[in-house]
Every structure is written in C-alpha cells, then in structure tokens.
Amino acid sequence: MHLKRILYKLAIILLIGATSSLHAEDPSVRAGKEINFSCVVWQLPAYPEIFYRQGEEFRPLQLLPRQRSPNYKLQSQKALELYVASNQPDGKPGHQLVGKAPLPPGANQMLFMIQEAANGAKLPLTVFGVDDSLSSFPIGSFRFLNFTKLPLQVEFGGATNKLPPQAIKVVKPEIPKLGGFLPFFIKDLNDNIGFQTRLFAQPRGRKMVLIVPPAKKGGNLAVLFLPQIMPPEP
C-alpha cells in the first residue's frame, strides 16, 4: 500500500512536469501525428488483459512488472486510453475505459507508468507519462527522480548533483567501453548517506532511478530501477 500511495503522487508530479515543460498547441494540429510509446507497471493490475485504443481498434498491451513493454504507436490521438473487455448493457461484447493520460504537445516518444488508482479516483488505473526521447534521456545516461520531500544529493559518475524534492536530473557519466560498476550514493545536504550501492553502466544502456520515501518512519530510502539497452544504430 505504501508503494501504491507513493506512485499515485508520482502520477500527479510527473504529469504536471510532462505537460508544463512543453509549449501549448491547438489539439486539432495533432491530427495525423504519430507518437511512439512504451509502458511499465511496478505491480500487475488486477485485469487479465489491457488494451489501448487506436481509432476504432482496441489493441492489447504486453505488460511485465518492472520492465518496459514493447514499443507501440499512436496516430491522430489526443490521449492514451486504456480499456478492458466488458459486456455492454445489451449483453454484447465491448470495452470499458479504465485509464487515460493526455499526450503532451510536441512529444514523439513517451514512457507511461501504469498503476492501480487510489480509492475515490474516477478511473481504476492511473496513467502518467514522461518524455522518453533520446534528446531528454540520452543513451549512456541515468535519469534520477526524487519523489521524497527532502532535498537530496546524488553522488554518481565522479560528480555530486543536487536533487531538490520532486526533481528530475539526467546524468551522463564516463562509461568504460565494456561497461562497469560505478559507485552511487544518495546523501542529504549534510552529506549523511541514506543509500549506497553500485550501478552497472553500459555504453548502449540508459537507466531510470526512482527515489521514494521509506515505507516506515525512520527507515531507509527505497530505490526503484528501470534499465534499458538501446539497439546499435544501423
């Protein structure tokens, strides 16, 4: 339940960040535009299968916990809409909307995080996205997301970066040709260590590191990892 509450807050934070950092655009201009996207769930939702809508079609999503889904495409859509199979009032097979997220203007590659919504939400699934393009999240980089209420410092790749509450920071360290482990520390502003490990870095990889509050007061910070290996350029 703790993780569910934290990720629900992440939904609001990331959705605001994703939309506020992009310029306004007439929704009608999106007609004909194509966007690539993938999805991730930290825990599988309580549905046997989830679909996304493309025009009049309902296409299945392949979701695995803590892993990126395959890449999908949306064209001429204003939002990512998720559905589950459900019989209509007349008894005929149909689909029911269970989650929805707007597509930020100007985006061409998105990563959507899907989770069960908190009690009282309009839809049973919360869907929120971040810009997943190589321009904002390059190959060989690490994206750190601070979802605590504490100002933190991230010591990684030979440098220390300040990470204010609810902030996102992309760091591109020097990586050996064959890859290697790099020391990683999370500290408070007084240099007290709250978390430490070594992160494996690869020249063709990129990794998201989500820092969330401890499950219990006085406990250790929780850290979630989402790695990805990028295919070589043709």
Side-chain angles (χ1 to χ4, degrees), residues 3-4 6-22 25 30 33-45 47 50-54 59-75 77-83 98-117 123 125-147 154 163 166-172 199-202 204-212 222-231:
L3 181 58
K4 183 177 178 180
I6 293 298
L7 293 181
Y8 179 71
K9 294 178 181 179
L10 300 188
I12 299 173
I13 297 167
L14 290 180
L15 183 59
I16 292 173
T19 55
S20 63
S21 61
L22 297 166
E25 182 183 77
R30 179 165 288 281
K33 281 192 174 182
E34 184 177 82
I35 182 172
N36 297 303
F37 74 94
S38 59
C39 300
V40 62
V41 294
W42 304 106
Q43 297 175 343
L44 285 175
Y47 296 111
I50 297 177
F51 303 83
Y52 73 97
R53 186 175 71 85
Q54 171 57 64
R59 302 176 179 178
L61 287 175
Q62 181 183 343
L63 300 175
L64 296 171
R66 298 176 182 249
Q67 297 183 42
R68 287 172 175 265
S69 73
N71 206 48
Y72 300 97
K73 294 182 182 295
L74 276 175
Q75 188 169 15
Q77 299 289 126
K78 298 178 182 179
L80 173 68
E81 296 179 356
L82 302 183
Y83 291 81
V98 293
K100 185 176 181 179
L103 299 179
N108 55 38
Q109 180 73 49
M110 294 288 294
L111 172 66
F112 288 98
M113 303 182 191
I114 303 170
Q115 66 173 59
E116 293 186 3
L123 295 172
L125 294 182
T126 298
V127 187
F128 53 99
V130 291
D131 186 347
D132 201 38
S133 64
L134 294 180
S135 60
S136 65
F137 187 16
I139 296 174
S141 69
F142 288 71
R143 176 185 266 174
F144 299 97
L145 304 95
N146 179 13
F147 297 112
V154 171
L163 197 62
Q166 304 176 0
I168 300 175
K169 179 70 177 181
V170 175
V171 177
K172 192 170 184 180
L199 301 181
F200 187 68
Q202 302 180 70
R204 297 299 308 176
R206 57 181 190 166
K207 181 176 291 185
M208 287 181 59
V209 182
L210 288 76
I211 307 169
V212 300
V223 181
L224 304 173
F225 301 100
L226 185 64
Q228 182 184 28
I229 301 298
M230 306 298 293

How close do [X] and [Y] get, heavy atom to heavy atom, and via which atoms?
{"X": "Ile229", "Y": "Gly205", "result": "CD1-CA, 4.0 Å"}
{"X": "Lys172", "Y": "Gly140", "result": "CG-O, 3.7 Å"}
{"X": "Gln109", "Y": "Ser38", "result": "NE2-N, 4.5 Å"}
{"X": "Phe37", "Y": "Asn71", "result": "O-OD1, 3.2 Å"}
{"X": "Leu163", "Y": "Asn146", "result": "O-ND2, 3.0 Å"}

_Does Phe112 form a side chain to side chain contact (heavy atoms under 4.5 Å, CB included) with Leu103? I'd like the steps, not just the answer._
CA-CA 10 Å; Phe112 288 98; Leu103 299 179; 3.7 Å; yes
Side-chain contact test, heavy atoms from C-beta onward, threshold under 4.5 Å: evaluate it for [X] versus [Y] and give yes or no.
{"X": "Leu134", "Y": "Met230", "result": "yes"}
{"X": "Leu82", "Y": "Leu61", "result": "yes"}
{"X": "Phe225", "Y": "Arg66", "result": "no"}
{"X": "Leu226", "Y": "Trp42", "result": "yes"}
{"X": "Leu74", "Y": "Tyr52", "result": "yes"}
{"X": "Gln77", "Y": "Arg53", "result": "yes"}

*Looking at Tyr72, is Arg59 sitting on its ring face, NZ or CZ under 6.0 Å from the six-membered ring centre and within 45 degrees of the normal?*
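Judged by the rule, Arg59 and Tyr72 form no cation-pi pair.
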As an exercise, state the distance from [atom1] of [X] to [atom2] of [Y], rounded to the nearest 0.5 Å.
{"X": "Gln228", "Y": "Met208", "atom1": "CD", "atom2": "CE", "value": "10.5 Å"}
{"X": "Thr126", "Y": "Ile114", "atom1": "OG1", "atom2": "CD1", "value": "10.5 Å"}
{"X": "Leu64", "Y": "Cys39", "atom1": "CG", "atom2": "SG", "value": "11.5 Å"}
{"X": "Leu44", "Y": "Glu116", "atom1": "CG", "atom2": "CD", "value": "10.0 Å"}

Return yes if some donor-acceptor pair links the side-chain N/O of [X] with the main-chain N/O of [Y] below 3.5 Å, else return no.
{"X": "Gln54", "Y": "Gln75", "value": "yes"}
{"X": "Asp131", "Y": "Ser136", "value": "no"}
{"X": "Arg204", "Y": "Ile139", "value": "no"}
{"X": "Arg206", "Y": "Phe137", "value": "yes"}

*Going by the side-chain contact (heavy atoms from CB on, under 4.5 Å) test, name the single residue among Val130, Leu210, Val171 that passes it with Arg143.*
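Looking at Val130, Leu210, Val171, the match for Arg143 under the side-chain contact (heavy atoms from CB on, under 4.5 Å) is Val130.
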*asked:* Determine whether Leu125 and Tyr47 satisfy the following criterion, side chain to side chain contact (heavy atoms under 4.5 Å, CB included), listing intermediate values before the conclusion.
replied: CA-CA 10 Å; Leu125 294 182; Tyr47 296 111; 4.1 Å; yes
*Chi angles and distances behind the side chain to side chain contact (heavy atoms under 4.5 Å, CB included) call for Met110, Leu80*: CA-CA 10 Å; Met110 294 288 294; Leu80 173 68; over 6 Å; no
*Please list, chain by chain and in numerical order, all residues satisfying side-chain hydrogen bond (donor to acceptor under 3.5 Å, both in side chains) with Asn108, sequence neighbours excluded.*
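With sequence neighbours excluded, Asn108 shows a side-chain hydrogen bond (donor to acceptor under 3.5 Å, both in side chains) to no residue whatsoever.
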_Worked verdict on Leu123 versus Lys100 for side chain to side chain contact (heavy atoms under 4.5 Å, CB included)_ = CA-CA 8 Å; Leu123 295 172; Lys100 185 176 181 179; 4.1 Å; yes
_Test salt bridge (charged side-chain N to carboxylate O under 4.0 Å, His left out) applied to Lys73 - qualifying residues, sequence neighbours left out_ =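 Counting only residues at least two positions away or on another chain, Lys73 forms a salt bridge (charged side-chain N to carboxylate O under 4.0 Å, His left out) with Glu34.
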